[in-house]
Amino acid sequence: MNLIFISTGEYPDTHAAAIRHSILAKGLVENGHSVRFLVLTPQKWGKQNSLDYFGVRFESLNTYKGSNKLLKKLYNLRAVSKARKIITKAGRSHSVDAITIFTPDILPILFLTRSAHKRQLKVFHERTELPYVMEKNKRILNYYLKTLLPQFDGIFVINDKLDNYIKQFNQHTK
C-alpha cells in the first residue's frame, strides 16, 4: 500500500505526537508499505528540505523560518497548495492508495480532503483531543463536526471517550 501522511508538527522525533506518527510510518514501511510524509511547517533539519528516517521520506513543504505573521500565513497556505498538487498528481497516476491527516487545523483538512476525494483516494484523520477543546470558535467547530468529520473514511482516536464523541459524527473511528 502506498500512503501519504500529512502533518503540521515537527519531525521525526521532537514530541509525543511526532514520535507516534514516526513510529507508525516506520512500522508500515517495515511491513512492506510505502510512506511519504509531507510536513506543512518549517523543520529544523538544517538547509535540507527532506529527511530519510528509517525508510520514511519526510518532506518539508514550507521553508519560512522568519517571524513575520503575514509571511508565515502565506507560506503555510503555499505549503497546503504544494500538498494538494502532490495529492492530485499521485491520484492521477494511481501511485497512492490513501492519505492520513495528522493536524487539527481546519483549512489544511478542508483543502486536502477535497483534493484526495476528487482523486478517489481514501482519507484518514487522527484525533487525540476532543474537538471542542481545540477549537473555541463555534462556527468553525460546527463546520468541522458536521461537514468535515463525516467525510473521513476512517478516524484514529486514542481513547473511548473520544471514540464515543466522534461516532456521533462519523461511524468510521478506529
Side-chain angles (χ1 to χ4, degrees), residues 1-65 76 79-80 82-84 86-87 89-91 94-113 115-117 119 121-131 133-135 144 148-149 151-167 169-174:
M1 189 173 244
N2 295 315
L3 307 165
I4 293 178
F5 284 6
I6 303 171
S7 182
T8 53
E10 289 183 31
Y11 290 89
D13 56 4
T14 57
H15 53 83
I19 293 168
R20 185 175 61 253
H21 303 157
S22 299
I23 289 171
L24 175 61
K26 178 184 173 214
L28 286 164
V29 168
E30 287 173 352
N31 284 288
H33 304 284
S34 169
V35 180
R36 183 177 181 185
F37 210 118
L38 306 177
V39 188
L40 303 176
T41 50
Q43 300 297 300
K44 297 176 182 173
W45 303 332
K47 293 185 178 187
Q48 59 198 41
N49 290 330
S50 65
L51 176 73
D52 288 317
Y53 184 80
F54 292 104
V56 179
R57 178 94 171 158
F58 286 83
E59 301 171 46
S60 177
L61 303 182
N62 187 336
T63 58
Y64 185 70
K65 297 187 184 194
N76 287 343
V80 171
K82 287 179 183 180
R84 285 179 68 193
I86 290 168
I87 290 169
K89 184 177 178 183
H94 305 290
S95 62
V96 169
D97 299 300
I99 69 167
T100 300
I101 301 172
F102 294 109
T103 181
D105 299 335
I106 300 298
L107 200 59
I109 292 171
L110 170 66
F111 291 129
L112 299 174
T113 301
S115 293
H117 280 150
R119 301 290 171 219
L121 297 173
K122 299 279 187 193
V123 180
F124 299 93
H125 182 43
E126 179 195 55
R127 284 299 322 191
T128 58
E129 295 285 344
L130 289 160
V133 171
M134 299 296 289
E135 184 56 62
Y144 173 78
L148 291 179
L149 270 184
Q151 294 181 29
F152 294 117
D153 297 292
I155 301 173
F156 306 103
V157 296
I158 61 168
N159 60 44
D160 291 337
K161 181 177 182 178
L162 192 52
D163 183 46
N164 292 330
Y165 182 82
I166 295 295
K167 279 184 179 172
F169 307 98
N170 184 310
Q171 295 298 310
H172 301 294
T173 60
K174 303 289 181 210

Engineer: Report the distance from atom CG of Asn159 to atom OG1 of Thr128, rounding to the nearest 0.5 Å.
Structural biologist: 9.5 Å
Engineer: On a heavy-atom basis, which atom in Leu121 and which in Ile87 lie closest, and how many Å separate them?
Structural biologist: CD1-CG2, 3.8 Å
Engineer: Donor-acceptor check, side chain of Asn170 to backbone of Leu149, threshold 3.5 angstrom: yes or no?
Structural biologist: yes
Engineer: Without swapping roles, check the side chain of His33 against the backbone of Met1 for a donor-acceptor pair under 3.5 Å.
Structural biologist: yes
Engineer: Check the surroundings of atom NZ in Lys44: do more than 12 heavy atoms from other residues, nucleotides or ligands lie under 6.0 Å from it?
Structural biologist: no
Engineer: Kindly say whether Pro108 contributes a backbone atom to a donor-acceptor pair with the side chain of Asp105 at under 3.5 angstrom?
Structural biologist: no
Engineer: Give the C-alpha distance, both sets of side-chain angles, the deciding distance and a yes or no for side-chain contact (heavy atoms from CB on, under 4.5 Å) between Glu126 and Val157.
Structural biologist: CA-CA 6 Å; Glu126 179 195 55; Val157 296; over 6 Å; no
Engineer: Asn49 side chain to Ser60 main-chain N or O, any donor-acceptor pair under 3.5 Å?
Structural biologist: no
Engineer: Between Thr41 and Gly9, is there a donor-acceptor pair closer than 3.5 Å when you use the side chain of the first and the backbone of the second?
Structural biologist: yes
Engineer: What are the two closest non-hydrogen atoms of Asn2 and Ser34, and how far apart are they?
Structural biologist: OD1-CB, 3.1 Å
Engineer: If we only count heavy atoms from C-beta on, is the Arg57 to Ser50 side-chain gap below 4.5 Å?
Structural biologist: yes
Engineer: Indicate yes or no for a side-chain donor-acceptor contact from Lys26 to the backbone of His21 under 3.5 Å, with no hydrogens or angles considered.
Structural biologist: no
Engineer: Do the side chain of Arg127 and the main chain of Glu129 share a donor and acceptor less than 3.5 angstrom apart?
Structural biologist: yes
Engineer: Would you check if the side chain of Asn164 reaches a backbone N or O of Asp160 as a donor-acceptor pair within less than 3.5 Å?
Structural biologist: yes
Engineer: Measure the shortest side-chain to side-chain distance between Lys167 and Asp163 over non-hydrogen atoms and say whether it is less than 4.5 angstrom.
Structural biologist: yes
Engineer: Using 30° and 60° as the class limits, which term best fits the ring planes of Phe37 and Phe102: parallel, tilted or perpendicular?
Structural biologist: parallel
Engineer: side-chain contact (heavy atoms from CB on, under 4.5 Å) between Tyr144 and Ile109: does it pass, once the steps are laid out?
Structural biologist: CA-CA 9 Å; Tyr144 173 78; Ile109 292 171; 4.0 Å; yes
Engineer: For the OG1 atom of Thr8 and the CG atom of Leu38, what is their distance to the nearest 0.5 Å?
Structural biologist: 12.5 Å
Engineer: Dump the intermediate steps for side-chain contact (heavy atoms from CB on, under 4.5 Å) on Tyr53 and Ser22, then the final yes or no.
Structural biologist: CA-CA 8 Å; Tyr53 184 80; Ser22 299; 4.1 Å; yes
Engineer: If we ignore hydrogens and angles and just use 3.5 Å, is the side chain of His125 paired with the main-chain N or O of Ile155 as donor and acceptor?
Structural biologist: no
Engineer: Given 3.5 Å as the limit, does a donor-acceptor pair link the side chain of Asn62 with the main chain of Ala79, or not?
Structural biologist: no
Engineer: For the residue pair Arg84 and Leu112, establish whether any side-chain heavy-atom pair is separated by less than 4.5 Å.
Structural biologist: yes
Engineer: For atom NZ of Lys82, is the number of surrounding heavy atoms from other residues, nucleotides or ligands below 6.0 Å larger than 12?
Structural biologist: yes
Engineer: So, using ring-ring contact (aromatic ring centres under 6.0 Å, His included) as the criterion, who are the partners of Phe169 when residues are at least two apart?
Structural biologist: Tyr165
Engineer: For the residue pair Ile166 and Pro131, establish whether any side-chain heavy-atom pair is separated by less than 4.5 Å.
Structural biologist: yes
Engineer: Do the non-hydrogen side-chain atoms of Asp52 and Val56 ever get within less than 4.5 Å of each other?
Structural biologist: no
Engineer: Under 4.5 Å between any side-chain heavy atoms of Arg36 and Val96, yes or no?
Structural biologist: no
Engineer: Taking all non-hydrogen atoms of both residues into account, name the closest pair between Ala18 and Tyr11 and its distance.
Structural biologist: CA-CE2, 3.5 Å
Engineer: Measuring from Phe124:CZ to Ile4:CD1, what's the distance to the nearest 0.5 Å?
Structural biologist: 13.5 Å
Engineer: Nearest 0.5 angstrom please: Ile86 CD1 to Ser115 OG, how far?
Structural biologist: 11.5 Å
Engineer: Quick check on side chain to side chain contact (heavy atoms under 4.5 Å, CB included): which of Thr113, Val123, Leu110 does Gln151 satisfy it with?
Structural biologist: Thr113
Engineer: With rounding to the nearest 0.5 Å, note down the distance linking OG1 in Thr103 to CG in Leu40.
Structural biologist: 7.5 Å
Engineer: How close do Gln43 and Lys65 get, counting heavy atoms only, and between which atoms?
Structural biologist: O-NZ, 2.7 Å
Engineer: Provide the closest heavy-atom pair for Val29 versus Phe54 in the form atom of the first, atom of the second, distance.
Structural biologist: CG1-O, 4.1 Å
Engineer: Could you go step by step and tell me if His117 and Asp153 meet the side-chain contact (heavy atoms from CB on, under 4.5 Å) rule?
Structural biologist: CA-CA 10 Å; His117 280 150; Asp153 297 292; 3.5 Å; yes
